[in-house]
A.B. asks: 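This structure is in structure tokens; I'll ask about it shortly.
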Amino acid sequence: MLSKNAFSALLILLALAFMYTALSGSFKEVKTISISELVGKINADQVVKITVMDSDLTITMKDGAEFLSKKENEAALSETFKNYGLTDEKLAKIVIDIQNPSGVWYWLAVLLPFLLPLLLVVAFFWLTARQVQRANIQAFTFGQSRARVIYPDNKKERVMFKDVAGAKEAKEELVEIVDFLKSPKKFLDIGAKIPKGVLLMGAPGTGKTLIAKAVAGEAGVPFFHMSASEFVEMFVGVGASRVRDLFKMAKKAAPSIIFIDEVDAIGRHRGAGMGGGHDEREQTLNQILVELDGFETNEAVIVMAATNRPDVLDPALLRPGRFDRRVIIDLPDINDREAILKIHSLKKPLAKDVDFKRIAERTPGFSGADLANLVNEAAILTARNARKEVTQLDIINSIEKVMLGPERKSHILSDKEKKIAAYHEAGHALVAALMPDTDPVHKISIISRGRAAGFTLKLPLEDRHFYTKTHFISELAVSLGGYASEEVVFKEFTTGASDDLKKATDLARALVTKYGMSEKFGPMAFSGHEENVFLGRDFGSSKDYSETVASLIDSEVSNFMKNAFKTAKEVLTKHRDVLDALAQKLITEETVERDEFANFIKSYGLV
Ligand code: ADP
Ligand code: MG
Ligand code: ZN
């Protein structure tokens, strides 16, 4: 930004310098003669006219030629001539024209060398000052808040509700906030209590930040945006003062919105933390609570906060009068996905065959951010192939890239590795095809992708909102299908199954501790399995069950795993001929698509 300004300043400077030279160059090249030479010419009756400007003399000759000369500054011209012995009659024959040097250009030419540097300095300071003002809230010192602001007149960054696809319920809830910010008086006049805090909850990438911006955009108020982790940055004591600053600024700009992103970074349960950062977090959180409580009801400042971990928030934040409005933003359903895809491809040239409905069908579980990324990947793919329009195939190919990472064709497997990978993936796919209530296999491949050596991609036919136990039991068997296949075929295991094992173990543990799907425990949930113990309340918190129960849980988990492995092995052993054929197909073709796979399975009279 600064360099851009410096560049334009340089340009101006160059232009001025050019003008200056052009101007002075526009005077004709004329010969300069001395006064004695001039007197000689007058005596020879060659001179018609002398134009005097200051000490400069312009001499016009009979033949039209011009010369320049200079007299002494102070002395009058007639005086000078007399000193050179010029007679009065000779002098009387020529016209003497005395001009006041008042021309604009003259003055410019005189003043420019002094003014120019001054102007440049002034311009520099002005530009810098303007920049500081723009980012006026961006701080030079630790204590000041680091908030970014979007002003309502910022057309480029402003977001409106129409830019947010889907999220219908969330928008409906938030319209009320918009109304209030637009005309606070209307509400206050009838004594309505205005919510101070709104908590947006939803998975990462579901558009929480976006929708908060849209509320500010719709209401036409400034949007102060800060991530909670920015409050607490290495230096103890700054968090609280940043909070104070932020609220002060927002109140000054009222009506306005304060948006605290990822509030769980400071809003976790106070109490049992760990490490030095904890005190700081607590102070920052306290300061937020103080500010929230200190709001007068007539201050039209609304605090919005976003989190994807509402479960770990300190209950004090959720009390009435604080973040008591809660808006849940779900992952987009099929129609929302279609709408989001449309919004993000508005400015991209699309081929006629693009069908967003079908893309939406193939992307269950994608968040808004994933979909935005998908469209972008498709555009990149198009550009890289030097085509002008994004086709349906580009988008479909990008789905896999977004889900699994880029293809690594250079990652070449030896023949032996290829065989193992083929049997591994064939194992997953076959178990998936033969177990009840599983998601259909979408694609099998032994081309490495991201971290995986190969993959079996399964996609649900529709959005699922809940899952059955049968589904989970089948999923466990499918996860272990690769591992089981290695055992059945090679009587040996490889490291390739480690991710599968981890995923399956996590799922089995959840079945026991979360979903109450274990027969031994029945309807029981056990807490104490938070993954994120960093700085949280969970660190060192005792489990709410005894060691005996813990070991029982472990044995239940192990039962689920063993059964799943047994099931997978049985399926694969029973259909060993299909497994061999499928693995062979993968070794030769490397990739098998959904329809091809379905036909293949059918040709063996299965399903
Ligand atoms: P979050 O804050 O919930 O993690 P963001 O608001 O940062 O998610 O969303 C990331 C990006 O995903 C947005 O900038 C936008 O491009 C896209 N996006 C997410 N949800 C939507 C939506 N409902 N409509 C349009 N774009 C969306
Ligand atoms: Mg966000
Ligand atoms: Zn696997």
Side-chain angles (χ1 to χ4, degrees), residues 148 157 159-171 174 199-215 223 225-230 259-265 304-310 327-333 335-347 360 366-376 402 404 420-432 441 444-446 448-449 451-458 475 477-487 493-504 568:
R148 291 170 294 282
E157 276 191 64
V159 179
M160 304 301 267
F161 275 159
K162 69 168 169 38
D163 302 317
V164 185
K168 199 161 145 269
E169 288 92 355
K171 280 189 204 166
L174 291 169
L199 185 62
L200 302 173
M201 307 187 295
T206 42
K208 298 181 291 295
T209 310
L210 191 71
I211 209 163
K213 277 186 192 163
V215 171
F223 180 77
H225 173 180
M226 190 151 165
S227 172
S229 53
E230 288 171 295
F259 179 63
I260 304 175
D261 211 351
E262 270 128 50
V263 70
D264 45 291
M304 299 182 83
T307 180
N308 47 22
R309 299 289 311 274
V327 177
I328 296 170
I329 304 183
D330 289 318
L331 280 174
D333 66 13
N335 295 320
D336 291 351
R337 287 199 297 273
E338 193 182 339
I340 295 174
L341 286 167
K342 277 185 185 149
I343 280 190
H344 285 281
S345 33
L346 277 182
K347 285 193 190 124
F366 270 45
S367 69
D370 290 334
L371 294 167
N373 186 15
L374 169 63
V375 176
N376 190 46
V402 170
L404 304 158
I420 294 172
Y423 270 102
H424 181 105
E425 298 309 331
H428 282 305
L430 200 55
V431 177
V441 171
I444 322 165
S445 171
I446 55 168
S448 42
R449 198 135 209 178
R451 277 176 54 229
F455 61 90
T456 302
L457 184 60
K458 297 189 279 60
E475 279 302 304
V478 174
S479 291
L480 295 181
Y483 181 81
S485 176
E486 289 178 30
E487 150 94 11
F493 299 113
T494 68
T495 53
S498 69
D499 267 358
D500 296 339
L501 290 176
K502 170 147 193 353
K503 218 176 81 196

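Remember, it's a predicted structure, so these values are computed and weren't measured experimentally. Atoms within a ligand are numbered from 1 in the order they appear, just like the ligands themselves.
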A.B. asks: Decide whether the shortest distance between a heavy atom of G205 and an atom of ligand 1 is less than 4.0 Å.
C.D. replies: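 Yes, G205 has a heavy atom closer than 4.0 Å to ligand 1.
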A.B. asks: Say whether A165, considering both its backbone and side-chain N or O atoms, lies within less than 3.5 Å of an N or O atom on ligand 1.
C.D. replies: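 It does: an N or O of A165 is found under 3.5 Å from an N or O of ligand 1.
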A.B. asks: So between G207, P204, A167, whose heavy atom ends up nearest atom 9 (O) of ligand 1?
C.D. replies: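 Minimum heavy-atom distance to atom 9 (O) of ligand 1 goes to G207.
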A.B. asks: Evaluating non-hydrogen atoms only, which member of A369, A306, G202 is closest to atom 12 (O) of ligand 1?
C.D. replies: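 Closest candidate by heavy-atom distance is A369.
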A.B. asks: Nearest 0.5 angstrom please: K171 NZ to I329 CD1, how far?
C.D. replies: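 These two atoms lie 10.5 Å from each other.
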A.B. asks: Identify the protein heavy atom lying closest to atom 16 (O) of ligand 1, giving its residue, its atom name and the separation to 0.1 Å.
C.D. replies: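 Checked against all protein heavy atoms, atom 16 (O) of ligand 1 sits closest to H344 CE1, 2.9 Å.
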A.B. asks: So, do L480 and V431 sit near enough that their side-chain heavy atoms are less than 4.5 Å apart?
C.D. replies: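 Counting from C-beta outward, L480 and V431 never come under 4.5 Å.
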A.B. asks: Hey, is K213 one of the residues with a heavy atom under 4.0 angstrom from ligand 1?
C.D. replies: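 Per 4.0 Å heavy-atom rule, K213 does not contact ligand 1.
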A.B. asks: Against heavy atoms of T209, which atoms of ligand 1 measure under 4.0 Å?
C.D. replies: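 Those of ligand 1 that fall under 4.0 Å from T209 are 2 (O), 6 (O), 7 (O).
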A.B. asks: Taking side chain as C-beta onward, heavy atoms only, is T206 less than 4.5 Å from L331?
C.D. replies: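 A side-chain contact under 4.5 Å exists here.
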A.B. asks: Which option, L210, I340, D163, owns the non-hydrogen atom nearest atom 13 (C) of ligand 1?
C.D. replies: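 Heavy atom nearest to atom 13 (C) of ligand 1 belongs to L210.
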A.B. asks: In D500, which N, O or S atom comes closest to the Zn ion (ligand 3)?
C.D. replies: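 Atom name returned: OD2.
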A.B. asks: State, with a plain yes or no, whether a side-chain heavy atom of F161 is found less than 4.5 Å away from one of L174.
C.D. replies: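 Yes, at least one pair of side-chain atoms sits under 4.5 Å.
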A.B. asks: Can you confirm whether V263 sits close enough to L199 that some side-chain heavy atom of one is under 4.5 Å from a side-chain heavy atom of the other?
C.D. replies: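 They are in side-chain contact.
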A.B. asks: Rounded to the nearest 0.5 Å, what's the gap from NE2 on H424 to OG1 on T456? Could you check?
C.D. replies: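 Going from the NE2 atom of H424 to the OG1 atom of T456 covers 7.0 Å.
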A.B. asks: Minimum distance, heavy atoms only, to atom 3 (O) of ligand 1: which one of K171, K208, K342 is it?
C.D. replies: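 Of the listed residues, K208 has the closest heavy atom.
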A.B. asks: Between M304, M226, H225, which is the residue that forms a side-chain contact (heavy atoms from CB on, under 4.5 Å) with D261?
C.D. replies: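 Testing D261 for a side-chain contact (heavy atoms from CB on, under 4.5 Å) against M304, M226, H225 leaves exactly one candidate, H225.
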